[in-house]
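Right, one structure below, let's go through it.
Numbers restart at 1 for each chain; the letters A, B, ... are given by sequence-line order, proteins then strands.
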Amino acid sequence: MPQEDKTIFTPRDEHTDDRYDAQRIEQKWIARWQSDPSLYAAEAHPTKPKYYVLEMLPYPSGALHMGHVRNYSIGDALARYMWMNGYNVLHPMGWDSFGLPAENAAIKNNTPPKEWTLGNIAAMKAQMKRLGFGYDWSREVTTCLPDYYRWNQWFFLKFYEAGLAYRKKSKVNWCPQCATVLANEQVVGGMCWRHEDTPVEQRELEQWFLRITKYADELLRDLEKLQGWPEKVRVMQQNWIGRSAGTLVDFDLGGTVGPAGSTITVFTTRIDTIFGATSVQLAPEHPIVRDLVVRNHELRAQVENLIAEQRRAKEAGDIGNIEKHGVFTGRYAKNPFTGEAVPVWVANYILMDYGTGAIMSVPAHDERDYEFAQKYNLEIRVVILPASSDPEETMAEPELPFTTMDGILVNSGEFSGLSCADAIAAMSARAAEKGFGKATVTFRLKDWGISRQRYWGTPIPMVYCDKDGLVPVPEKDLPVILPDNVPVTLAGGSPLAGVPSFLNTTCPKCGGPARRETDTMDTFVDSSWYFYRYTDAQNDKAPFDSAKAAYWFPIDQYIGGVEHAILHLIYSRFWTKFMRDIGLVKNEEPVARLFTQGMVIKDGAKMSKSIGNIVSPDEMVERYGADATRLYSLFAAPPDRDLDWQESGIEGIQRFLGRVYRFFLRNPVNRDVNAPTAPLSPAARAIQRKLHQTIKRVSDDFQGRWHFNTCISAIMELVNEIYSAEVAIAGGQVPASVILEAQRTIALLLAPMAPFFAHELWEMTGETSNLLKAPWPKYDAALAAEDEIEIPVQINGKLRGLVIVSADATEDQIKQAALADDKVNAAIAGKQIVKVIVVPKKLVNIVSR
RNA sequence: GCGGAUAUGGCGGAACUGGCAGACGCGCUAGGUUCAGGUCCUAGUGAUCGCAAGGUCGUGGAGGUUCGAGUCCUCUUAUCCGCACCA
C-alpha cells in the first residue's frame, strides 16, 4: 500500500460521527417495528409455500439466558432467511408458564405465582423485542392462562373417554424437595431432574396415568421416519422405549402357595438357554415372595433387608453396581422344559418394574447369573456351544459364561443341535402349545404419571362423588379454573385440597355434593401440544382448527436443547399420535426436522450461578448491541456444538460491524447509477467476483449445514476484500453500480443474522422497501468465476511450486505450465518422471524417481 | 458394559465430494494514525533448522490403502453426553 494513500483509511473529522452506534440504530428500528405489529405475521390465506420454524418455548423464569439467545438467534436467522426466499413463514413464541419455580418464588417473595409468572413473561418478552426476534405475537401462547389450559383439560377428557387416562395406585417417584410426584422421565440417575442432589423416593400413591405404552411400538417404529432428527436423539428415544422381545415361561411351585398364585412367570429373551436354568430368582418386592416367606421370621427379615438394600442402591443411583446378594426361600419350582425342580431365590439385583420381576437363572450363559451362582455355589450347566469353538475342548475347560447368540444348543433334549435363533422360535412355540408360556414383548417405557401434588398447574377435570364415584367434568363446564389466592407451601399434599371453594362441587351426574380432583397436571402436558395451538391461537371452540393444523404441520424445523430429547419430544410424539387417532390431525409426527443446539458455556463450564460465570444477555446488548450479541452467538461455534463465550470474541464482531458501517458511510451511492459500459477494472472485477462467491457460500450454508460461523466468515472476507480495494474505490476505479451492488448484497446477507444493522444498511443504500421480504440475492456463477487460477505443483506429493493458469486451461496446458516452472525443473533435475497427475482446476502431482 | 459424539496453532474454529492444512475471528508482535487513552489502518504470526535462499516436521496415537490422507480402512487412546444387573 503506497504511503501517500493512507489518509484514506482515517478520514476522521472530529465533527463527524462515523462510529457504529448500535444503541442508536437498534432503538430506531425497534420503534419502527413496534408500529407495525403485522410485520412478522404469518399469512392467513397464503399463496406461497409454508414454512413452520419453531424454537422450544421458554419457561418464564424471569430473564433470558445466553442459551435462549443462541436458540432464538438460530431460529430467527432461519425464519428471516425463509421469508426472504418467499415462504409463508410461521414463527411464533409462547410461554411454558406452569410449574414449580413459580410456587417457590411465591413462598420466597410472598408473591402469587400468577403475578410472578406474568411479570416474568412481560420482562422476557421485552428482552426478545430488544433482541429483535421476529415473532408473530398475535399467536402468543401462555400455558398458564385458562384459554390454553382448558384444552389440556379437554384433551384429558378425550384420553379418559378413550380409556387412555386411568387412575392407579402404584409405587411412584417422589421428590421431597418438590413435594410432588415425578414421571419416570423426570428421574435422572435416581435424582430429581430439578434437584440434582435430591434422591427420588418411592411412594405408594393413587395417581393419574396416560397410557403412552399403547403407542410404544409405534413410537419406536416411527423413529425410522425421523430422518431429519439427530441420530443421537433417535437413539436416546429408542433406548428409553427399550423394546425387548422374549418369552414368558411359567415355573410351577407345586400346590397352593398363597393369594399371589402358585406359579412364577419369568421373562426371558433367551429361552434357548432354559435347559441350563438352575434356579429362579425373584425381585424382593415380587408379590409371591410374601407368600413364600410368610411362615419364616428369619427369611422375612432377610427379604426385608434385600428390599432395603435395593432401595438404597436405587436412591443412590447405583443399582447397576449393587453387590449381588440373595436368599434361598427353601422352595422349588418346576422348569417346564426339563421337568426338574430348581431352587427359588430372592435376589437384590432383580427389579420388580422390569419384565415380570422374576427370572430364570442360567449361570453358564449370563454374566449376572454366573456371578450369582459362583457366590452361592449354584449349579452351572452349559447348554450352548459357541459356533466358533472346538466342542471337546470347550466342554472340557469352558471359559464361562458364553453369552453369544452365535452358537448351537447342547444338553437341551430334543432341541439340541438347533441354532440359538431357531431354538428361540421353536421353544417359544412349544411353550405356547403346551400352555406354559408365550412369546411377548416388554418395554422399558412405562405409562406417563401426570398427577402432581402442586398448585401451579392445570386442574385435572375429574370429580369424586360418593354416589357415582369418579365422574369427568362435562366438556361444557370447562375450563375448571385454577383459583387465585391459594396459600402455597411445600408442606406436601395438594394445595388445592385446602381450598374449599375449589374442592367442593356438585356431581355432574347426580347433582349431589362431590369433591374435585385436587392434583394438577404435569407441565409436560402443556408442552406436548402447544405448537398446534400456534396455528389457531385464538380459537375458543376447539384447541385448534384441524384444517389450519393440516396446513402448517408438521413443523418444518424445530430447534432446542438436547435436554428435551426424551421428555418433551417423546410426549409430543405420543400426543400427536393420539390426536391423529381422534381425528384431530393428519400428520403422524409433529416434527419433521429437529435441531439440537449446543450449550453456551464460559471458561469451559456450563454457566451457573454457583460457579459465577453467567453472562447476561442484557449486559451484552447494552455494551455491544443486539446485533453483535446475536452475530457472535452464531459466529463463535457451529450451532450444534458447545459455545465457549469469550468477551474478546464479541468485540471482534463489533469491530467487523464498524468496518462495514464505515464502508457504507465513506461510499454513499446514487441508486440510479447505470451499469458501466466499459469493461470493469481489475479491482472492480475482484469485488464483484468475491461478492458472488460470498452469496453462494452464505446461501449454501443456510440451506445445508447451518454453519452460520462460516457464513459470517465469508461476509468478513468479502468486507476485507473491499477494504483492500479501498484505494481503487477512492480513485474512482470501481463503478458506483458495483459499490451499490456490494452494499445491497451485504445488507441482504446480514439480514437474517443481524437484522437491525442490516435494515440500517439497507436504508443507507437508499432503499425504502421492507428488507424482511426483500428477495435473497442471486448467485451468478459467471460473475463468481475466476479468470486465472493458481495451481499447486507437487513432486511426489510435496508442494514444490505454484503456477498460474487461465481458469479454463486444459489438462495439457496445466501440465505444460507445471513442467515449465523453474522451481519445479530445479526439483526434478536429474530425475526420471514416472507420471504426471493433473487434476483440473486443483493441482498437479509429478511422480519422479 | 451398551450406544452416540468429539479430538486440527496460544484460543474459538475453517478445510462440505481425498488435492496448497490452519480460512475467519480472538490473542500476540511490529510499524503508522489519533494521541490522555480506547479507537482506526498496515504488516507479521503452526513448530523447527538456517544470516538467507530454502529445508524438515506437523491435524490424539499405531498401522494400512493411494500419485496424494485432517478427510477412506483397521486397531487404539482420551474426553464429553445418554442409557445401564433391562433378564
Side-chain angles (χ1 to χ4, degrees), chain A residues 1 3 6-12 14 18-19 188-189 230-240 242-244 246 266-270 281 313 317 319-322 324 347-351 353-362 366-369 371-372 442-444 562-563 565-566 599 632 635-638 640-653 655-656 658-659 662 697 700-701 704-705 707 709-717 720 723-724 726 790-799 801-802 823 834-837 839 841-848:
Chain A
M1 188 63 54
Q3 211 54 5
K6 70 190 169 199
T7 51
I8 289 169
F9 301 105
T10 53
R12 303 202 119 202
E14 286 304 310
D18 67 348
R19 201 169 52 89
V188 182
E231 166 81 10
K232 176 184 178 154
V233 174
R234 285 188 288 146
V235 169
M236 280 167 75
Q237 291 211 355
Q238 189 181 321
N239 291 340
W240 186 261
R243 184 182 196 273
S244 179
V266 305
F267 174 72
T268 178
T269 54
R270 292 298 302 272
Q281 305 283 341
I319 186 74
N321 300 319
I322 194 170
K324 288 184 185 44
N348 63 354
Y349 70 97
I350 308 299
L351 306 170
D353 53 12
Y354 186 79
T356 60
I359 65 155
M360 61 178 203
S361 178
V362 185
D366 182 283
E367 280 179 34
R368 296 154 299 180
D369 296 348
E371 187 188 333
F372 193 86
T442 59
F443 291 92
R444 215 185 74 106
V562 75
E563 65 273 17
I566 292 178
M599 283 192 303
Y632 178 66
F635 176 68
D640 53 339
R641 285 220 228 163
D642 285 353
L643 183 162
D644 199 342
W645 193 273
Q646 290 180 15
E647 190 115 1
S648 56
I650 191 171
E651 284 172 13
I653 291 290
R655 274 199 277 276
F656 162 66
R659 275 163 75 79
R662 285 190 301 277
R697 283 178 63 184
D700 285 353
D701 268 334
R705 314 180 297 168
H707 279 198
N709 53 331
T710 57
C711 287
I712 297 166
S713 297
I715 301 171
M716 286 172 167
E717 281 184 50
N720 290 346
Y723 263 66
S724 70
E726 195 84 6
E790 228 179 22
I791 300 282
V793 182
Q794 297 182 336
I795 293 169
N796 296 332
K798 283 184 190 291
L799 183 67
L802 283 170
K823 278 189 187 167
V834 179
K835 69 173 159 178
V836 179
I837 291 146
V839 185
K841 294 183 195 285
K842 290 278 187 193
L843 65 42
V844 176
N845 190 15
I846 300 168
V847 186
S848 68

Checklist entry - How would nucleotides 2-12 of chain B be written as a contact map, 5' to 3', with B for base contact, S for sugar-phosphate-only contact and - for no contact, using protein heavy atoms under 4.0 Å? => result -SS--S---SB

Item to check | Upstream residue (5' side of RNA chain B) when A:Arg659 and A:Ile322 are each assigned their closest nucleotide | outcome: A:Arg659

Next on the checklist: Rounded to the nearest 0.5 Å, what separates atom CZ in A:Phe267 from atom CE in A:Met360?
Outcome noted: 10.5 Å

Checklist entry - Would you call A:Ile653 and A:Met716 a side-chain contact if the rule is heavy atoms closer than 4.5 Å? => result yes

At a cut-off of 3.5 Å, list every protein nitrogen or oxygen paired with a nitrogen or oxygen from nucleotides 27-29 of chain B, distance to 0.1 Å.
residue	atom	partner	partner atom	Å
B:G27	OP2	A:Arg655	NH2	3.1

Next on the checklist: Checking contacts here: which listed nucleotide (B:C83, B:A87, B:G82) is nearest the side-chain heavy atoms of A:Arg444?
Outcome noted: B:C83

Next on the checklist: Going by salt bridge (Lys or Arg N to Asp or Glu O under 4.0 Å), name the residues that satisfy it together with A:Glu367, two or more places apart in sequence or in a different chain.
Outcome noted: none

Checklist entry - Mind checking what makes side-chain contact (heavy atoms from CB on, under 4.5 Å) contact with A:Asn720, not counting sequence neighbours? => result A:Arg659

Item to check | Spacing of the C1' atoms in B:G4 and B:G13 (rounded, Å) | outcome: 23 Å

Item to check | Set of residues satisfying salt bridge (Lys or Arg N to Asp or Glu O under 4.0 Å) with respect to A:Asp700, sequence neighbours excluded | outcome: A:Lys696

Item to check | Under the salt bridge (Lys or Arg N to Asp or Glu O under 4.0 Å) test, residues paired with A:Asp353 that sit two or more places apart | outcome: A:Lys314

Item to check | Heavy-atom side-chain proximity of A:Ile359 to A:Asp369 below 4.5 angstrom | outcome: yes

Checklist entry - Does B:U65 pair with anything, Watson-Crick or G-U wobble, both distances under 3.5 Å, and if so, with which nucleotide? => result none

Item to check | Distance between C1' atoms of B:C35 and B:U48 (Å, rounded) | outcome: 40 Å

Item to check | Rounded P spacing from B:A30 to B:G82 in Å | outcome: 46 Å

Checklist entry - So which nucleotide does B:G70 pair with, by the Watson-Crick or G-U wobble rule with both distances under 3.5 Å? => result none

Checklist entry - Closest heavy-atom contact between A:Gly357 and A:Ile350? => result O-CG2, 3.6 Å

Checklist entry - Within less than 4.0 Å of OP1 or OP2 of B:C86, is there a side-chain N or O belonging to A:Arg243? => result no

Item to check | For A:Leu843, side-chain contact (heavy atoms from CB on, under 4.5 Å) partners two or more places apart | outcome: A:Pro792, A:Gln794, A:Val839

Checklist entry - Taking the same atom, P, in B:A21 and in B:G58, what whole-Å distance lies between them? => result 12 Å

Checklist entry - In whole angstrom, what separates A:Tyr354's OH from B:C83's C1'? => result 13 Å

Checklist entry - Just how far, in rounded Å, is C1' of B:A23 from CG of A:Asp700? => result 16 Å

Next on the checklist: Between A:Asp701 and A:Arg697, does any side-chain N to carboxylate O distance fall below 4.0 Å?
Outcome noted: no

Checklist entry - Which whole-number value in Å describes the distance from A:His707 NE2 to B:A23 P? => result 18 Å

Checklist entry - Does OP1 or OP2 of B:G25 have a side-chain N or O of A:Asn720 closer than 4.0 Å? => result yes

Next on the checklist: Please classify the nucleic acid contact of A:Asp353 as base, sugar-phosphate, or nothing, using heavy-atom distances under 4.0 Å.
Outcome noted: nothing

Checklist entry - With both distances kept under 3.5 Å, what pairs with B:U34, Watson-Crick or G-U wobble? => result none

Item to check | Short side-chain N/O contact to B:A15 OP1/OP2 from A:Arg705, under 4.0 Å | outcome: yes

Item to check | Spacing of the C1' atoms in B:G68 and B:G19 (rounded, Å) | outcome: 7 Å

Checklist outcome for this item: Any strand, both distances under 3.5 Å, Watson-Crick or G-U wobble: B:C83 pairs with B:G1

Checklist entry - If each of A:Leu351 and A:Pro638 is mapped to the nucleotide of RNA chain B with the nearest heavy atom, which maps nearer the 5' terminus, i.e. the 5' end? => result A:Pro638

Next on the checklist: Classify A:Ile350 by what it touches in the nucleic acid, base, sugar-phosphate, or nothing, heavy-atom distance under 4.0 Å.
Outcome noted: base

Checklist entry - Is there a salt bridge (charged side-chain N to carboxylate O under 4.0 Å, His left out) between A:Arg234 and A:Glu231 once you walk through the steps? => result CA-CA 5 Å; A:Arg234 285 188 288 146; A:Glu231 166 81 10; 3.2 Å; yes

Item to check | Counterpart base for B:A78, defined by Watson-Crick or G-U wobble contacts under 3.5 Å | outcome: B:U6

Checklist outcome for this item: For B:A52, the nucleotide meeting Watson-Crick or G-U wobble distances (both under 3.5 Å) is none

Item to check | Which residues share a ring pair (Phe, Tyr, Trp, His ring centres under 6.0 Å) with A:Trp645, sequence neighbours left out | outcome: A:Tyr632

Item to check | Integer angstrom distance from the C1' of B:C72 to that of B:C49 | outcome: 34 Å

Next on the checklist: Rounded to whole Å, please give me the gap between CD in A:Gln281 and C1' in B:A87.
Outcome noted: 11 Å

Next on the checklist: Testing the basics here: between A:Ser244 and A:Thr269, what is the closest heavy-atom pair and its distance to 0.1 Å?
Outcome noted: OG-CG2, 3.3 Å

Next on the checklist: Holding to side chain to side chain donor-acceptor pair (under 3.5 Å), I want the full list of residues that pass it with A:Arg243, two or more places apart in sequence or in another chain.
Outcome noted: A:Asp217

Checklist outcome for this item: Rounded to whole Å, the CE-C1' distance (A:Met716 to B:G13) equals 12 Å

Item to check | A:Asp644: partners by salt bridge (Lys or Arg N to Asp or Glu O under 4.0 Å), with sequence neighbours left out | outcome: none

Item to check | Inter-nucleotide P distance (B:U17, B:U29), Å rounded | outcome: 39 Å

Checklist outcome for this item: Relative to its sugar, using the 90° cut-off around 0, the base of B:G9 is syn

Checklist entry - side-chain contact (heavy atoms from CB on, under 4.5 Å) between A:Val362 and A:Arg270: does it pass, once the steps are laid out? => result CA-CA 9 Å; A:Val362 185; A:Arg270 292 298 302 272; over 6 Å; no

Item to check | B/S/- contact track for nucleotides 47-58 of chain B, protein heavy atom under 4.0 Å | outcome: -------S-SS-

Checklist entry - Which nucleotide, in any strand shown, forms a Watson-Crick or G-U wobble pair with B:G18, with both distances under 3.5 Å? => result none

Item to check | Mate of B:U29 where both pairing distances stay under 3.5 Å, Watson-Crick or G-U | outcome: B:A43

Item to check | Selection from B:C20, B:U42, B:G19 that lies nearest to any side-chain heavy atom of A:Leu802 | outcome: B:C20

Next on the checklist: What contact category does A:Glu790 fall into here, base, sugar-phosphate, or nothing, at under 4.0 angstrom with non-hydrogen atoms?
Outcome noted: base

Atom pairs under 3.5 Å: protein N/O with N/O of nucleotides 66-68 of chain B:
residue	atom	partner	partner atom	Å
B:C67	O2'	A:Asn845	ND2	3.2
B:C67	O2	A:Asn845	ND2	2.6

Item to check | Between B:A23 and B:A78 - C1' atom distance, rounded Å | outcome: 28 Å

Checklist entry - Which nucleotide, B:A23, B:C16, B:G19, lies nearest any side-chain atom of A:Glu717? => result B:A23

Checklist entry - Under 4.0 angstrom, heavy atoms only, what part of the nucleic acid is A:Gly652 near: base, sugar-phosphate, or nothing? => result sugar-phosphate

Checklist entry - Separation of A:Leu843 atom CG from B:A15 atom C1', in whole Å? => result 15 Å

Item to check | Check: A:Phe656 ring centroid to A:Phe635 ring centroid under 6.0 Å | outcome: no

